[in-house]
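All chains are named by letter (A, B, ...) in the order of the sequence lines, taking the proteins before the strands, and each is independently numbered beginning at 1.
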Number of protein chains: 2
Amino acid sequence: MTCNTAEINRQLRKSGYRVTPQRQLILEAVCQLGEHVTPETVYDHVHRIAPTLSRATVYRVLHFLTEQRILAMVLMAEGRLAYEMSGPEPHHHLVCRTCDSLLELPHSVLQSFLRAMETQYDFEIDVSHVSFFGHCADCRSSDGA
Amino acid sequence: MTCNTAEINRQLRKSGYRVTPQRQLILEAVCQLGEHVTPETVYDHVHRIAPTLSRATVYRVLHFLTEQRILAMVLMAEGRLAYEMSGPEPHHHLVCRTCDSLLELPHSVLQSFLRAMETQYDFEIDVSHVSFFGHCADCRSSDGA
DNA sequence: TTTCCTGTTGCAAAAATTTACAACAAGATA
DNA sequence: TATCTTGTTGTAAATTTTTGCAACAGGAAA
Ligand SMILES: [Mn+2]
Ligand SMILES: [Mn+2]
Ligand SMILES: [Zn+2]
Ligand SMILES: [Zn+2]
């Protein structure tokens with residue numbers, strides 16, 4: 001995932017927020033660390049670079065960047081939380097509650113459902129990253145034994 | 001929500017688990033307290049009745065009863081977690097990230113989507129209670145100002 | 001009833017997450 | 001560049017949630 005810093009910074013300033021070194025570091029970290037990054041992973045990474053950067057700031061900034069739609073919050077198994085860049089091409093998850101496995105869904109499979117929610121309920125679902133929990137084929141067959 | 005204790009107890013024993021006073025208390029609590037009950041609310045309630053019942057047990061039992069499909073885990077705004085009885089008639093949520101409001105969806109609106117996931121991905125989504133996050137009509141119009 | 005096995009609990013400590021508040025610093029303005 | 005406003009951060013403490021472990025107790029079997 002490419003992280004268009006210049007554009008993001010411009011957007012933040014335009015909204016009256018500030019571009020701090022902490023925010024830049026944390027955003028870069030999520031960008032580099034990949035798809036489903038936990039707060040602790042981010043902290044470990046940025047803390048190595050900026051030892052005074054606190055855990056509180058990591059949590060606050062992840063939350064803030066999510067509100068700004070720059071990051072997407074990802075619900076993993078067991079209620080664990082992760083983050084990733086909110087790119088132009090979202091995908092979604094089928095998360096198995098038994099084996100923790102992840103099946104990735106292309107955005108297209110949700111399209112018609114989302115449109116229906118907009119039409120029927122006037123509600124715009126945040127499409128950045130939706131997780132569905134349930135049970136995968138493997139776990140269902142071995143469990144039914 | 002009626003809480004068929006006898007039937008639930010039978011089911012637990014059949015699976016090799018035990019019916020303890022703690023589990024019974026916690027289940028009753030969720031049952032009585034209503035739809036979206038937080039761990040802390042449950043703890044306050046049961047702790048009044050059984051002062052030695054610990055927070056750890058509340059968390060463990062809520063998790064356990066969810067695994068047994070007796071309770072359903074409900075994702076609320078801001079990543080907060082709640083529980084409720086997993087009844088025969090599930091419903092789902094449209095959660096507004098701006099104003100925290102909840103729109104309830106009848107189960108039927110998900111039916112065809114769920115069937116598609118089963119057919120295409122051989123994945124059985126846990127239908128007990130699904131939450132979608134996004135932005136409601138009110139917040140979208142006032143925000144676009 | 002008594003015995004026995006093993007699933008569960010309470011406790012205390014650890015880990016994760018949030019919060020209050022004073023010091024700080026981004027960046028707009030002059 | 002110096003100044004000023006106000007959004008942000010670090011610290012420490014408060015909350016919330018998880019975990020290890022020894023003592024306990026459900027309930028099957030005798
Ligand atoms: Mn993903
Ligand atoms: Mn509900
Ligand atoms: Zn599985
Ligand atoms: Zn709203």
Side chain A/Arg23 and base D/dG7 donor-acceptor under 3.5 Å: no
Should A/Thr20 be listed as having a side-chain N or O under 4.0 Å from OP1 or OP2 of C/dA25? no
Between atom CZ in A/Arg80 and atom P in D/dT16, what is the gap in whole Å? 22 Å
Does D/dG10 have OP1 or OP2 sitting under 4.0 Å from an N or O in the side chain of A/Thr57? yes
Expected output: side-chain A/His92 to main-chain A/Val130 donor-acceptor under 3.5 Å: yes
Taking atom C1' of C/dT9 as reference, at what distance in whole Å does atom CD1 of B/Ile26 sit? 10 Å
Proximity to the side chain of A/Arg60 - top-ranked nucleotide from C/dG27, C/dT9, C/dA20: C/dA20
side-chain contact (heavy atoms from CB on, under 4.5 Å) against B/Glu40, all qualifying residues, sequence neighbours excluded: B/Thr38, B/Tyr43, B/Asp44, B/Arg55
Please evaluate the base of C/dG27 for a donor-acceptor partner in the side chain of A/Arg18 within a cut-off of under 3.5 Å? no
Reading DNA chain C from 5' onward, which residue's closest nucleotide shows up sooner: A/Glu40 or A/Pro21? A/Glu40
For B/Arg10, is there an ion pair with B/Glu7 - N to carboxylate O distance below 4.0 angstrom? yes
Would you say C/dG10 has OP1 or OP2 under 4.0 Å from some side-chain N or O of B/Gln22? yes
Within this structure, what is the OH-to-P distance between B/Tyr17 and C/dT9, rounded to whole angstrom? 13 Å
What integer distance in Å separates B/Glu67:CD from C/dT8:C1'? 14 Å
Round to the nearest Å and state the distance from B/Leu81 atom CG to D/dT15 atom C1'. 16 Å
Can we call the ring centroids of A/Tyr121 and B/Phe132 under 6.0 Å apart? no
Calculate the interatomic distance between B/Tyr43 atom OH and C/dT9 atom C1'; express it in whole Å. 14 Å
Relative to the 5' end of DNA chain D, which residue comes earlier, B/Arg13 or B/Arg55, by the nucleotide with the nearest heavy atom? B/Arg55
To the nearest angstrom, how far is B/Phe64 atom CZ from D/dT17 atom P? 20 Å
Which nucleotide sits closest to the side chain of A/Ala56: C/dC11, D/dA12, D/dT9? D/dA12
Using a 4.0 Å heavy-atom cut-off across all strands, classify A/Thr52 as base, sugar-phosphate, or nothing. sugar-phosphate
Choosing from D/dT16, C/dT18, C/dT17, which nucleotide comes nearest the side chain of A/Pro39? C/dT17
D/dG7 P sits how many Å from A/Gln24 CD, rounded? 19 Å
Could you go through B/Glu104 and B/Glu35, starting from their C-alpha distance and side-chain angles, then the distance that decides it, and tell me whether this counts as side chain to side chain contact (heavy atoms under 4.5 Å, CB included)? CA-CA 12 Å; B/Glu104 300 219 329; B/Glu35 276 214 314; 3.3 Å; yes
